[in-house]
Structure formats: C-alpha cells, structure tokens
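Have a look at the structure below, then the notes.
Naming: A, B, ... by sequence-line order, numbering from 1 per chain. Here the structure is a predicted model, which is why all the values come from computation and not from measurement. Note: hydrogens, waters and symmetry copies are ignored here, and every other heavy atom, side chains too, is used.
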Amino acid sequence: MSPTDDAPAPGRPNGATDDTPPFRYDGRMADAIETAWQDRWERNGTFHAPNPTGDLGDGFERVAIRSHSYVLDMFPYPSGAGLHVGHPLGYIGTDVYARYLRMRDKNVLHTMGFDAFGLPAEQYAVQTGQHPATTTYANIAVYRAQLRRLGMGHDTRRSVATTDPEFYRWTQWIFLQIFNSWYDPFVDKARPIEDLAAELDAGTRSPAEGTNPFGRPWAELTDLERRGVVDNHRLAYRSESLVNWAPGLGTVLANEEVTADGRSERGNFPVFRRPLAQWNMRITAYGDRLLRDLDQIDWPDKVRTMQRNWIGRSTGAHIAFPSDSAPIEVFTTRPDTVFGATYVVLAPEHPMVDALAATDWPEGTPEAWTGGNESPATAIAAYRASTVGRSELERQAEGKSKTGVFTGAYARNPVTGTALPVFVADYVLMGYGTGAIMAVPGQDERDWEFAEVFDLPIVRTVQPAEGFEQAGGKAFTGNGPAINSSIDGLDLNGLDVDEAKARTVAWLEENGAGRGAVTYRLRDWLFSRQRYWGEPFPIVFDEHGLPVALPESMLPVELPETDDFSPKSFPPEDAESTPEPPLGRLMDWVSVELDLGDGPKTYRRETNTMPNWAGSCWYELRYLDPNNTERFVDPEIERYWMGPSADRPLGGVELYVGGVEHAVLHLLYARFWHKVLYDLGYLSSSEPFHRLVNQGMLQLPAYANKDGFYVEAAEVEERDGHFYYQGEQVTQEFGKIGKSLKNVVTPDGFIAEFGADTFRLFEMFSGPLEQSRPWDAKAIVGPYRLLQRIWRVVLDEHSGETHVSDDPVPDELNRVLHRTIDAVREGYESLRFNTSIARITELNNAVTQAYPAGRAPRAVAEPLVKMLAPLAPHIAEELWARLGHDESLAWDEFPAADPALLVDDTVQVPVQVNGKVRAVMDVPADSDAASLEAAARGDARIAALIDGREVRRVVAVPGRLVNFVVAG
RNA sequence: GCCGAAGUGGCGGAACUGGCAGACGCGCCGGACUCAAAAUCCGGUCGCCGAGAGGCGGUGAGGGUUCGAGUCCCUCCUUCGGCACCA
C-alpha cells in the first residue's frame, strides 16, 4: 500500500494522540522544520558556489583559498509522472557527499538541470494536443519542487534545461565547431577545417582515402568538387549510408539505440537497414583515444569494459586478393592463417559485387552455389532481395544456418597463388572492416559452417590441441604451431600464432600485398532524427544541395512554432517508407533568404533535428557558467572546476553519479564532444567525468495474479504474510520500478509522513550507493526513530527546551565519540553512507545510555549533530540553531577525530587454540608478541587447554591475536 | 556461446591491506508505560546441544594454500548485467 494514501491528517500525525509530547519530532514537526530551512537556504543563497570570475563570482574571495570540487548527477528527463523513489537515490548520494565536502572546507559545485528534449514529450504532446514546451516546462516545475522538498543543496542559479533556447544556442554552436573541424591523423587531433583547405591548396597534404570520389587530383578539381572533398573530411558530415530506420517511430536511430534483436530501444518497433542521406559524427576518428584514456579515469571496471567492447579495437591486416576486376581488400585479425584461405566472401552491399560478378556460371558450378539461378547476376539480385532491407529480427529468425551465393568470380590468394571462389553472404557485414573477408574455415567457426553448407575445402594451418578433433572440435581458434604454411620466402610452419602473424604481415608489406591494420567495431554516430522536439541544425543548404554553416550571429536557430509537431510515422513493418521530418512541413520556415557573404540567396533549412543525446554531451560545462552570452563556458571557470590536477590527470568532474544504462550511449558521446572541444582549444580538461559511480536500482515489490498479469501494487493488501488484490491472492516479487510492473511509488507520501530527512536517511541506510536492493518501505521507521532519539538528546520533547549540559565528556564516551568521527568520515569519503549512519546510531545509543534523562554534554551533542548534517540537513540545522548558533552549519567545519583518542591504552585480544577462540584478554595496547604470549599462557582457560599438550607453534600478532598450535 | 559482477541470519546489510563472522537497522519474542491499543522506551534474537557455565556447527557447493579464509587460488552451481555472425 502506498503511504500516499494515508498521509497524516493535519494536526494528528502518525500515531500522535493527545498525550503525545508537544515537541516530539514527527512528520508534522519535520515538515515545519524542513520548509523553514529550505526557505532560509534559498534566501541566503547557502549553496551558491562562487566562480573565480564572471557573473557568479560574488563571494569568491571568501572561498579562494579553499580547494574545490564538482559533484554531478546525471540529469533527469522530466517525465510527466514526476520522481519516483528510485530517482533520488543518486541525487541524495551526491548531495550528502557535496554537503560533506563543503564541511571539509571545499568550494563545492552541485546543481541539477534537465535533459528535456526527446520523444516522450513529443508523444505526449501528440496525444493531448498540448505543445511539448508546455508540458516539458510544467514537468520541470514539478521536478524542481520535488528536489527542493528533498532538501537538495543545489546551486539553483546554475540549473539549465537543454530545451532553453539560451542553452541550445550553444549546443548548435558546438555542432558548428564539430562541423567546421576535421581530424588530422598526423597530430592525432581535431583541427579547424580552414587548415585542411589551406594545406590541400598548398599541396602539403592530399585528401584522405575515400574522400575524393572525382578521380582527379585536388589541383584539377572545380571549386564545387573541392567543397565536396572538404565536406567529406568534416567531423560532422552528411552521407548516404545504411541507417537504422524505424517506420513505426518515424525516425532513424543510432546503432546504440537499436537492441540486439533489431528493435528500437524506445517503443520496441522493428528497425530496418536502409540507405538514407543523414548526418553523422566522426566518432570513429576518436576510437583510439576514447579507448586509451579509459585507463586514466576512475570508472567502474564494468563500464570501462563495456566501452572497450563497444569500441572494439582489433589489430590485424588488410590483404589484397587480386581478381579479374580490382583487387578485393579484406580485413583479418589472423593474417597468419592466409595459407588456409579457401574462399572469399563479400557483404551483399559491397560496392564491388556487381563489377565482380561473372556473366555466366563457370563450367561445373555446383547447384548449391547458384541457388538455382540462371546467372550470377540474377542469383545476386535474388540473394540481396532476401537479405538487404529486412529487419535484423527476420534475419535472426532463420537461425544460424549460413546462406550465400557464388558470384561466378575467382580471386587469387596473394600468398599461395591459389584461385579462390568469391561468394556473397550476409554473415559478412559491410559496416565492419572492409566488408570483405578471406574465409579460413580451419580456424574460424563461421567460415567452417559456411564451408560445410557449400562443400568448400577446409585446410588446417594451426595444429589443434591434442584430442581436439576426437572431441568433436571443428574450427580451431586457439594457439598452436602453424602447419601447411610454407612457400618460397615465407615459412610459418612451427611458429606460434603471434610470431606467424608478425612474419606474415612483414611478408605482405614487403610484397605489396597488404599491411598491418587496425579496425574498430565502433561506427560513426548517426546524428539526425526526424522529430520536432529537438535542437534544429544551424545548417542551410545552398543551390547545389551542399550544407552551409550559419554564422554564429544567427544562433540560436529557434524551433519554429507550430501545432503540427507529430512525427510522420508509418506501419511498423513498412520498410520501404521514407522519413519525413515534421519541420519539413513548415514551408515558410524551411525556405529562407540569407546573405551569407556572397549576396542574398534563397537557402533551404536542414529539417532534421539533433538526437536527444546532444544536450547531455556538454551540459556539465554549461553548469559552470550558465549565463555567459559570449562563450559556452569561460576558460578560466572551466579550468577552475574541471582542469587537470594530480588526482585527475585528464581533468573532469570529480564525481559523477548515474545509472549504468548510459554506459555506452551518453558516456561515450559526451567523452567524444569533450575531446573535440579540447582539441580545438576551448577546454583544459580532456575527459568530462573523472570519477564515475553507478548507483544501484531500487527494486519495489510487484504483484502478479495467477495468470501472470501484474496488478496495481498500491492496491494490494497483506494479510498473514499473504498478498491479496481485490480479494484474489497474488504473488509478490521484487523488480525494477516502472509502469509495466505497476509498482511506481513516489517519495511524496513518505516525506509527508516522516519528513525528507528520514527519507534521505532511509535511502542511504539500506545499502551502499552502488548496490541494487529491494525497497522495503516498512523499514523506514528505523531512520525515523534515530532522528527522534537524536532530537531528544538535544531537547526535551515535553518542554521544547534545549537540555544539554556544559559538563565535560566522560573519558569512555569521548573515545567512542572520536572513533565515531573517524569512522563516519571514512564512510562519507568512500560513499558508504550506510556505515556512517550505523556509526552515528551507535554513538547516539551510547549517549542515550549514559544520559537516559537528558543533559548530555554539549561537547558530544554538537559533533553528533554536525556528523548528521550531510545526511539529514534540516534537523541538523534546527538542532544546531537550538544549541545556540546563528550561522548555518552548511559551511561549518566537520568534526575532526583526535588521533590520540583513537588508540586505547588496553585492547582486547582473542586467544585461539588451533584457530578457535578460547579466551579474550585485556592487554596493554602496545604489548609485543612475547608479552602477549606470556599473558595468554597466564590465562586459566588457555593454560588448561594447552596443559600437557605439545605446543608446536605460537603465533602472536601484536594488537591482533594469539594462536597456539598444539598437537592432538 | 563470449565477457563481467555477485552469492553472509527471517529481511536490508557490516566485517580496514587474511586475524573475535553477523556491526547498524527492519522484523520477531519478552518487558515497561496504558483501562486498552498505537506511539515511545528497555531487554533478547545465526542454528543445534545444554538449566547454566559452556560446547559443536556455520558466510552457495566441493577441493586447496595458511597457524588462521566471508576475504586468496582451482572446479562447479545459482542469480543478475552486458555483448552476440565484428572476420
């Protein structure tokens, strides 16, 4: 049952009756305290973090000598449902940490913005007829109120939404920087595109491979052709290529947004591969740096592994296989197996397929190779029809059996000279490597399968391990000595795989037949979407249909007003449909008269919009300097908050907390943009996020009836350990919070009943930040009781009087206090707030035990309140004020442990006999091994146990234990 | 199939670089207060044997290293996450 349903009635909070003490800390008291402090924090700008310069520079002198920290959350998409209890887990975590750091004498930047462009707002708008901007900003207002009510110490002056024109103006500006750049492989960084044109003109550089389709050198190209060549170098470029088209969604998608079974991550529609002209970002140019720099940032191994796999760097070789038309260039990671290549395969979309195809089947071509077709051309056409343009789902439905067709053509193995049949097969992908392979069935499982289907020869070139074939092994992919691999001038036989690879590559390079090569799994980032609710491109097309950047002075290109914002979607299976961007319907807007330097002309605007990842690629930079109208961020401010330091060699946000679901989407894109901006000299940091922590997911109870359908969790009742929905028994499980499990719970009810402080404490107490765990709402009373008890240490709940004393703290309690301080700090620093809370609880238990009637010494009550402050800031502020302090403790000094009090004069040391604890003795803390042993032998129990037995060994570790190893 | 993470009481979880397993909390049991209940407070709570002192067992399973293993190594099981014709 949701607590929203039984929020306390005004004047009678949970459990309160007439004889409840008037100053008891309960939900109503918490509400009064919390709203009052939230108002005061806002009034005083308590959480304003001064910048070293600029409009947010007020008060910087005060913090100039402090060190500084930037603590960041992944900003939310403001959905109509508001926050549920899972969202704030990370937000509370960063807030606790930020508040702790502030009390540790740091200038802390902590704020929250909104990632507000995107499909749900647009779909909701289509349903309701309201403009997406209206619903988006209404939702943002709800989120801001919820965050405020949770007591977040955010610098609200810095809050931005990606949909603000003042924000997306700079998203567009960054797009233009990327558009106006190219990647210079010689210096391994992005450079302004003008440099490229200049170098091409000067003849000091030639166009990169594949960028000059005109077949003539640069000097002989027309101006228009030169523009085309330059455009082909840009980091943001248009190209006609195979893209993921989701007709049901009405838009194209990035590879990262398509699931493994070929459907859209959003909406779960089938996705088809279609050639379309779209914008791309050349993220592949950064593949190596994105990979390399992972080693220098403090991220979970899991996420780094996922990024490494996504980038998928493979080293191997390009090898040219001569044919009757041009040579076929293949990529292989196993150049050492070239002697075992028995056929060649091209992807169905490979551009050489048509030129290569023979006019007729060669004499004696087996039936299986022709697919029963008259000629290679018809066979290829039929095969393409059966593969290209079909969804991944359909392809996978056929299972793993290999399909393909012979082209009628042969290529020559450049090493052995053998003629190899050339096939077309869809198990070779156009998007990876060169789109062509040499097939080595002896050492590759997929090639083996294909060879079996088409009855192709199989040659082993690596000796399989002993018993491999007897055990049913087919292709052998392991290490072993090379066999059957020798010609004049190249003898691999007996070499292991690594040696054989190196030898082969050297031979290929000497003989001009190939060279060492690196390939990435990563593809360029498809960057345009056919949606209304996104950033317009700052691009127009001229009379040649070529893109022209709008000048900075024309930014932002605002989204045009319209009530016709629904995307044009199609039947989900209609693969032949073509995307139609909603902006394309606004003819008045699309066609625009501009003077871009060569007189007024009519241009056509780009009608696609950017993907919703665009804003999140750089928002953390805008928080730094949100009102700057001259730059996206002032370099001095960026260097102050994010510049490299000894701890953060590449710079970046000190702590970034968010869900692991962004491991290869947002986090890869943001790193890429950041590196481009770094290359172009706008940033001092080359990574955006130094330390990443993935907060766990809260799992809520969900209830299913006997037919397996989920029922509304809020309406389920519990009786005698069983669960009932409308009288019918249902079963309980724990799962991800969401509409589909009908188990969404919002924080509001808990805050109303217990207060935000209790809620914060509860979320932090149930486990470490990174860990997923079930949300057991009943347990919230634990943290609630803790706050009530701390409250009573400071004041009398009957009179409301503060009742601490000025007595000295007794020695023993003082030691507990200082040990607690030490442990609580440790917990805060390592983000294990659950242990900090446990230690605070222990200290409080010790205090209430020592002073059951109140009058605890101020010298223990005050540090107790301070230690609580990051977790439960409102009650801490209130108690701090009642203890007689005028200033907020948000900037006060966190208690420090006296090292002298952390070590005891005497310690308890367990004594073991054969590893079992038999006694515990009190000994001086500095006892050495000999005196420990002596003391242990002096213990009556131990003496009795070892009496008459042979002591073979004594292990005495000072401060730890004594262990007697005895015979028998 | 490949890669990665994790398995500790009825539950969430503690346990520093190998050194008293179960801190802290929930729940449960008992008690105080109350006409009663709720709220609050106090005590107990890993299992088995024992009146007790105490003993024995115990961190997914099995093996190993060690004086000593929740922690390190090997094999297996289970759960969760990621990738999936990437040559």
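Rounded to whole Å, the separation between the P atoms of B/G64 and B/G55 comes to 27 Å. Across B/G7 and B/G13, the matching P atoms stand 10 Å from one another, rounded to whole Å. Separation of the C1' atoms belonging to B/C28 and B/C83 is 45 Å when rounded to the nearest angstrom. Taking the P atoms as reference points, B/G25 lies 32 Å from B/G50, given to the whole Å.
Here B/A87 is the nucleotide among B/G82, B/A87, B/C20 with the atom lying nearest to any side-chain atom of A/Val428. The A/Phe331 side chain lies nearest to B/A87 when the options are B/C24, B/A87, B/G27. Checked against B/G25, B/C85, B/C26, the side chain of A/Tyr427 finds its nearest nucleotide in B/C85. Of the candidate nucleotides B/A84, B/C26, B/C56, B/C56 has the atom nearest to the side chain of A/Arg918.
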Base-pair map of RNA chain B as dot-bracket, where | denotes pairing with a different strand and pairs are Watson-Crick or G-U under 3.5 Å: (((((((..(((......[....)))((((((.......))))))((((....))))..(((((..]....))))))))))))....
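Aromatic ring orientation, A/Phe833 versus A/Tyr828: tilted (interplanar angle from 30° to 60°).
In this entry the base of B/G43 is anti relative to its sugar, with a glycosidic angle more than 90° from 0.
A/Arg792 meets the side-chain hydrogen bond (donor to acceptor under 3.5 Å, both in side chains) test with no other residue; sequence neighbours excluded. For A/Tyr25, the ring-ring contact (aromatic ring centres under 6.0 Å, His included) criterion is met by A/Trp791, not counting sequence neighbours. Judged as a ring-ring contact (aromatic ring centres under 6.0 Å, His included), and not counting sequence neighbours, the contacts of A/Phe476 are A/Phe468. In this view, A/Asn309 and A/Thr305 satisfy the side chain to side chain contact (heavy atoms under 4.5 Å, CB included) rule, not counting sequence neighbours. A/His803 meets the ring-ring contact (aromatic ring centres under 6.0 Å, His included) test with no other residue; sequence neighbours excluded.
In this structure the side chain of A/Ile311 never reaches within 4.5 angstrom of the side chain of A/Arg521, judged on heavy atoms. Considering only heavy atoms from C-beta on, A/Asn413 stays 4.5 Å or farther from A/Val344 through its side chain.
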Which protein N or O atoms sit under 3.5 Å from an N or O of nucleotides 64-69 of chain B?
| from | atom 1 | to | atom 2 | distance (Å) |
| --- | --- | --- | --- | --- |
| B/C67 | OP1 | A/Arg953 | NH1 | 2.6 |
| B/C67 | O2' | A/Asn963 | ND2 | 3.2 |
| B/C67 | O2 | A/Asn963 | ND2 | 2.8 |

Write out a two-atom table: protein N or O, nucleotide N or O from nucleotides 42-51 of chain B, distance below 3.5 Å.
| from | atom 1 | to | atom 2 | distance (Å) |
| --- | --- | --- | --- | --- |
| B/G43 | OP1 | A/Gln849 | NE2 | 3.2 |

Measure all distances between protein nitrogen or oxygen atoms and nitrogen or oxygen atoms of nucleotides 57-60 of chain B, and list the pairs falling under 3.5 Å.
| from | atom 1 | to | atom 2 | distance (Å) |
| --- | --- | --- | --- | --- |
| B/G57 | OP2 | A/Lys916 | NZ | 3.2 |

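When the P atom of B/A38 is taken as reference, atom CD of A/Glu753 falls 16 Å away, rounded to whole Å. Straight-line distance from the CE atom of A/Met306 to the P atom of B/A84: 10 Å, rounded to whole Å. The distance between atom NE2 of A/His662 and atom P of B/G81, rounded to the nearest whole Å, is 17 Å. Rounded to whole angstrom, the span from the CD atom of A/Gln307 across to the P atom of B/C83 amounts to 13 Å. Between the CZ atom of A/Arg839 and the P atom of B/A23 there is a distance of 13 Å, given to the nearest Å.
Heavy atoms of A/Arg941 sit under 4.0 angstrom from primed sugar atoms or phosphate atoms, though from no base atom. A/Arg792 comes within 4.0 angstrom of the backbone, heavy atoms only, and of no base. A/Ser314 comes within contact range of the sugar-phosphate backbone alone, with a heavy-atom separation under 4.0 Å but no base atom that close. Within the 4.0 angstrom heavy-atom criterion, only backbone atoms of the sugar-phosphate kind lie near A/Arg785; the bases stay farther away. Residue A/Ala838 is in base contact, counting any heavy-atom pair closer than 4.0 Å across all strands shown.
The CZ atom of A/Arg785 lies 14.0 Å from the CG atom of A/Asn844; values are rounded to the nearest 0.5 Å.
A salt bridge does not link A/Asp298 with A/Arg304: every distance from a Lys NZ or Arg NE/NH1/NH2 to an Asp or Glu carboxylate oxygen is 4.0 Å or more. A/Glu829 has no carboxylate O lying under 4.0 Å from a charged side-chain N of A/Arg825, or vice versa, which leaves the two without a salt bridge.
For the pair A/Lys402 and A/Tyr427, the distance from NZ or CZ to the six-membered ring centre is under 6.0 Å and the angle to the ring normal is within 45 degrees.
Counting non-hydrogen atoms of other residues, nucleotides and ligands closer than 6.0 Å to CD of A/Glu452 gives a total above 12.
For the pair A/Arg521 and B/A84, the criterion of a side-chain N or O lying under 4.0 Å from OP1 or OP2 is met.
Of the residues near RNA chain B, A/Glu797 and A/Glu842, the one whose nearest nucleotide (by heavy atom distance) lies more toward the 5' end is A/Glu842.
Aromatic rings of A/Tyr432 and A/Tyr520 (six-membered ring for Trp) have centroids beyond the 6.0 Å cut-off, not under it. Here A/Tyr784 and A/Phe762 keep their ring centres 6.0 angstrom or further from each other. Taking the six-membered ring wherever Trp is involved, the centroid distance between the rings of A/Phe759 and A/Phe754 does not fall below 6.0 Å.
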Acceptor/donor pairs from residues 817-824 of chain A side chains to any protein atom, 3.5 angstrom cut, sequence neighbours excluded:
| from | atom 1 | to | atom 2 | distance (Å) |
| --- | --- | --- | --- | --- |
| A/His818 | ND1 | A/Asp898 | N | 2.8 |
| A/Arg819 | NH1 | A/Asp904 | OD2 | 2.9 |
| A/Thr820 | OG1 | A/Val816 | O | 2.6 |

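Applying the side-chain hydrogen bond (donor to acceptor under 3.5 Å, both in side chains) definition to pairs two or more places apart or across chains, none involves residues 953-963 of chain A.
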Contact letters for nucleotides 1-16 of chain B, in which S counts primed atoms plus P, OP1 and OP2 and B counts the base, heavy atoms under 4.0 Å: -----------BSSSB
